[in-house]
Amino acid sequence: MKSENKTASSKEEKRKDAHIEIALHEEIDLMKDPFPQTVLKFQTFPEIDFKDIDTKCRLFKHDFHLPLMILGMTGGVDRGYDINTRLAQVATQFNIPMGLGSLKLLIKERHNPSSHAKKSFDMKKSFPSLYLVGNIGLASFNEGIHLDDIKWLIDTLELNAFCFHINAMQECIQPEGQKNFKGLIKSLEKACHEIKIPLILKEVGFGIDPDSFKLIKNIGLSAIDLASKGGTNWSLIEGMRGSLRLGTIFKDWGNSLEESLNNCQSDSSLSLIASGGIRNGLHCAQALSLGATAVGIGLPLMKAAVQDIENQTQTLEQEILFFEESLKISLFCTGSDSLKAFKAKHGK
Ligand SMILES: Cc1cc2nc3c(=O)[nH]c(=O)nc-3n(C[C@H](O)[C@H](O)[C@H](O)COP(=O)(O)O)c2cc1C
């Protein structure tokens, strides 16, 4: 490997590690109520037995135990292996999908077989039944990354689905941001034609507007992760690495989750994953009532995983059980014994 590549990789590693450090220790979760306008109708006589409630969810033509995805966050850095391993353990235990953080670093380390980057992403080795979702910035296609690299990632890590993130605001605030976003819809279309596993497009905290949705709704994606404003805020995180003055200006901009869900209604088979500030099962039920198939949670699950690693606790498991319990209560008190029954009564 050329030495300039090594330097580029270690800079990228430092950036990824700074994201974790800031996310864990600074106030970058906006903690907004994602659904201020969405009130579910409470039912006095549910006429069901709580223990019969079925939370099974079909997503990516696959059955999961809960309508919940652990969103892509990390890998490629020193502590990435421990965090991803803990997330993968619990995702396997509960049969829910798990995302990896950006794999750009691994492509850069492609010709270095002993790289620790690979180990931190290679979760299928220890958890063969895990539903694992890869991740890379869509704008990487304008930085010399090719579809063959994505196919290599899919084969190497045995990925079940792949997610491209689009992050205009993050790249603008990020000191070393890549701001050439020309031609990315064409690149995404090409990926949809050539890649055979489910593909997801995802924002990173600013949501999806109606015009952008029109451009991508029929190109062959399996799902859109709405990643709206209200939770982890990337204008602030990158601002804390560069210009906080700049990051603060934009922290409240973007589409809220309610707006994104309303912006992305369609009759197609495209699934919507609602994320950005989802913190419990009631939020999940509210998202499902607005047309989502499932929800995603990021930062609180990373915090729980880190707590487990540092203190030998079971916090992550408890977080998922809390989500499950609060989802079941939401279903019970709306008179629904399954997600299907809930959507039939309360969904769009
Ligand atoms: C430390 C950290 C690293 C992240 N890295 C990525 C990434 O590499 N790719 C990506 O698409 N999203 C990344 N995200 C964003 C999350 O996937 C998610 O969209 C965001 O955290 C919003 O969800 P939340 O409010 O539940 O945290 C990252 C989030 C955190 C907290």
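Numbering of ligands and ligand atoms starts at 1, following listing order.
In the hydrophobic cluster analysis, where Ile, Leu, Val, Met, Phe, Trp and Tyr join through side-chain heavy atoms closer than 4.5 angstrom, Leu66 is grouped together with Leu282. There is no path of hydrophobic side-chain contacts, each under 4.5 Å, that joins Leu261 to Ile200.
Side-chain N or O atoms of Asp337 include none that pairs as donor or acceptor with a backbone N or O of Asp52 at under 3.5 Å.
The backbone and the side chain of Leu299 each have at least one atom closer than 4.0 Å to an atom of ligand 1 (non-hydrogen atoms only).
Taking a cut-off of under 4.0 Å to the non-hydrogen atoms of Lys16, the atoms of ligand 1 that pass are 8 (O). When each atom of ligand 1 is checked for a heavy atom of Gly101 under 4.0 Å away, the hits are 8 (O). Atoms of ligand 1 lying under 4.0 Å from any heavy atom of Ile297, numbered from 1 in the order shown and given with element: 26 (O). Below 4.0 Å from some heavy atom of Ser102 lie the following atoms of ligand 1, by number and element: 7 (C), 8 (O). Near Gly231, the atoms of ligand 1 lying under 4.0 angstrom from a non-hydrogen atom of the residue are 25 (O). If you number the atoms of ligand 1 from 1 as listed, the ones under 4.0 Å from a heavy atom of His165 come out as 9 (N), 10 (C), 11 (O).
Within the cation-pi definition used here (under 6.0 Å to the ring centroid, within 45° of the axis), Lys229 does not qualify as a partner of Phe206.
Using bins of under 30°, 30° to 60° and over 60° for the plane-to-plane angle, the ring pair Phe162/Phe164 lands in the tilted bin.
With no hydrogens or angles considered, no side-chain donor-acceptor pair links Gln307 and Asn311 at under 3.5 Å. Side-chain atoms of Asp308 and Thr313 form a donor-acceptor pair, as typed in the model, at a separation below 3.5 Å.
Using 4.0 Å as the threshold, Thr74 has no heavy atom nearer than that to any atom of ligand 1.
At a 3.5 angstrom cut-off on N or O pairs, Thr232 counts as close to ligand 1. Note: an N/O pair closer than 3.5 Å links Arg279 and ligand 1 by distance alone.
To the nearest 0.5 angstrom, His62 atom NE2 is 9.5 Å from Leu59 atom CG. The structure places CZ of Phe213 at 5.0 Å from SG of Cys264, a figure rounded to the nearest 0.5 Å.
Contacts classified as ring-ring contact (aromatic ring centres under 6.0 Å, His included) and involving residues 242-268 (residues at least two apart or in different chains) are given here: Phe250-Trp253.
Of all protein heavy atoms, the one lying nearest to atom 2 (C) of ligand 1 is Trp234 CZ2, 3.8 Å. For atom 23 (O) of ligand 1, the nearest non-hydrogen atom of the protein is Leu71 CD1, 3.7 Å.
For atom 16 (C) of ligand 1, the choice among Gly277, Gly72, Gly205, Gly298 with the nearest heavy atom turns out to be Gly72. Looking at His283, Gln170, Met302, Lys202 and measuring to atom 12 (N) of ligand 1, the nearest heavy atom belongs to Lys202. For atom 3 (C) of ligand 1, the nearest non-hydrogen atom from the set Met73, Met31, Glu21 comes from Met73.
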